[in-house]
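Here's the structure we're looking at; comments come further down.
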Amino acid sequence: QVQLVESGGGSVEAGGSLKLSCTSENTFERNTFERCGVAWFRQAPGKERELVSRISSAGITTHAPFVKGRFTISRDNDKNTLYLQMDSLETEDTAIYYCAALKRWPWGCAPSFEDAYWGRGTQVTVSS
């Protein structure tokens with residue numbers, strides 16, 4: 001079983017930066033973030049969880065429109081670590097941020113994050 005752990009959250013003033021990390025612990029598979037797509041989601045109070053940024057196994061990255069070029073998603077496959085560099089943070093970015101990794105099926109990867117491993121989240125608070 002894969003276990004994901006997020007870190008790097010905290011409180012920052014608007015316009016500041018944070019870098020989130022997500023580590024994967026898996027005894028039987030050491031390249032979870034390399035073989036299948038991984039992503040960052042977030043959930044603000046009273047709102048549904050939403051996709052922030054994702055990166056495919058091929059390294060293709062996509063972002064939600066609200067990112068507006070401010071965030072960078074990356075991974076270190078050797079360390080089984082996923083990152084989200086967040087710059088120019090806005091108060092609207094306040095949320096719990098979760099990382100997710102698509103599960104591997106015997107024939108490939110899960111087609112959506114409905115079948116994924118999840119971390120417990122890390123709180124990001126942006127003040128004005």
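- A donor-acceptor distance shorter than 3.5 angstrom exists from the side chain of E6 to the backbone of R120, with no hydrogens or angles considered.
- Side chain of T122 to backbone of S7: no donor-acceptor contact under 3.5 angstrom is found.
- Side-chain contact check for T72 versus L84: every heavy-atom pair is 4.5 Å or farther apart.
- Contact detail for L89 and V12: the closest heavy-atom pair is CD1-CG1, 3.5 Å.
- Salt bridge E114/K103: absent, no basic N to carboxylate O contact under 4.0 Å.
- Interatomic distance, S112 OG to L102 CG, rounded to the nearest 0.5 Å: 7.5 Å.
- Taking both residues in full, the closest heavy atoms of D115 and A110 are given as O-CB, 3.4 Å, listed atom of the first, atom of the second, then distance.
- Of the inter-residue distances, the one linking D76 atom CG with T23 atom OG1 reads 12.0 Å to the nearest 0.5 angstrom.
- Side chain to side chain, T62 and R54 meet the donor-acceptor criterion of an N or O pair below 3.5 Å.
- A side-chain N or O of D87 and one of S17 form a donor-acceptor pair less than 3.5 Å apart.
- Smallest separation of non-hydrogen atoms from A95 and Q123: O-NE2, 3.4 Å.
- To the nearest 0.5 Å, atom CE of residue M86 and atom CH2 of residue W40 are 8.0 Å apart.
- Cluster partners of W107, by chain and number: W105. The rule joins Ile, Leu, Val, Met, Phe, Trp and Tyr whenever side-chain heavy atoms lie under 4.5 Å apart.
- Between the side chain of R49 and the backbone N or O of Y97 there is no donor-acceptor pair closer than 3.5 Å.
- Take F41 and apply the ring-ring contact (aromatic ring centres under 6.0 Å, His included) test, not counting sequence neighbours, and it matches F113, W118.
- Taking OG of S53 as the reference point, atom CG of L82 lies at 9.5 Å (rounded to 0.5 Å).
- No side-chain donor-acceptor contact under 3.5 Å links T94 to the backbone of E92.
- V5 and I73 sit in two unconnected hydrophobic clusters of ILVMFWY residues. Membership requires side-chain heavy atoms under 4.5 Å apart, directly or through other members.
- Here the OH-CZ distance, from Y83 to R75, works out to 13.0 Å after rounding to the nearest 0.5 Å.
- Of all heavy-atom pairs spanning L51 and A39, the tightest one is CD1-CB, 3.8 Å.
- Note that R104 lies outside the cation-pi zone of Y117, set by a 6.0 Å cut-off to the ring centre and a 45° limit from the axis.
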F71 and Q85: CA distance, side-chain angles, deciding distance, side chain to side chain contact (heavy atoms under 4.5 Å, CB included) verdict:
CA-CA 5 Å; F71 300 170; Q85 175 66 48; over 6 Å; no
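- Annotation: the span from L4 atom CG to C22 atom SG amounts to 4.5 Å, rounded to 0.5 Å.
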Verdict with reasoning, K68 to E90, per side chain to side chain contact (heavy atoms under 4.5 Å, CB included):
CA-CA 11 Å; K68 297 177 291 185; E90 305 169 350; 2.9 Å; yes
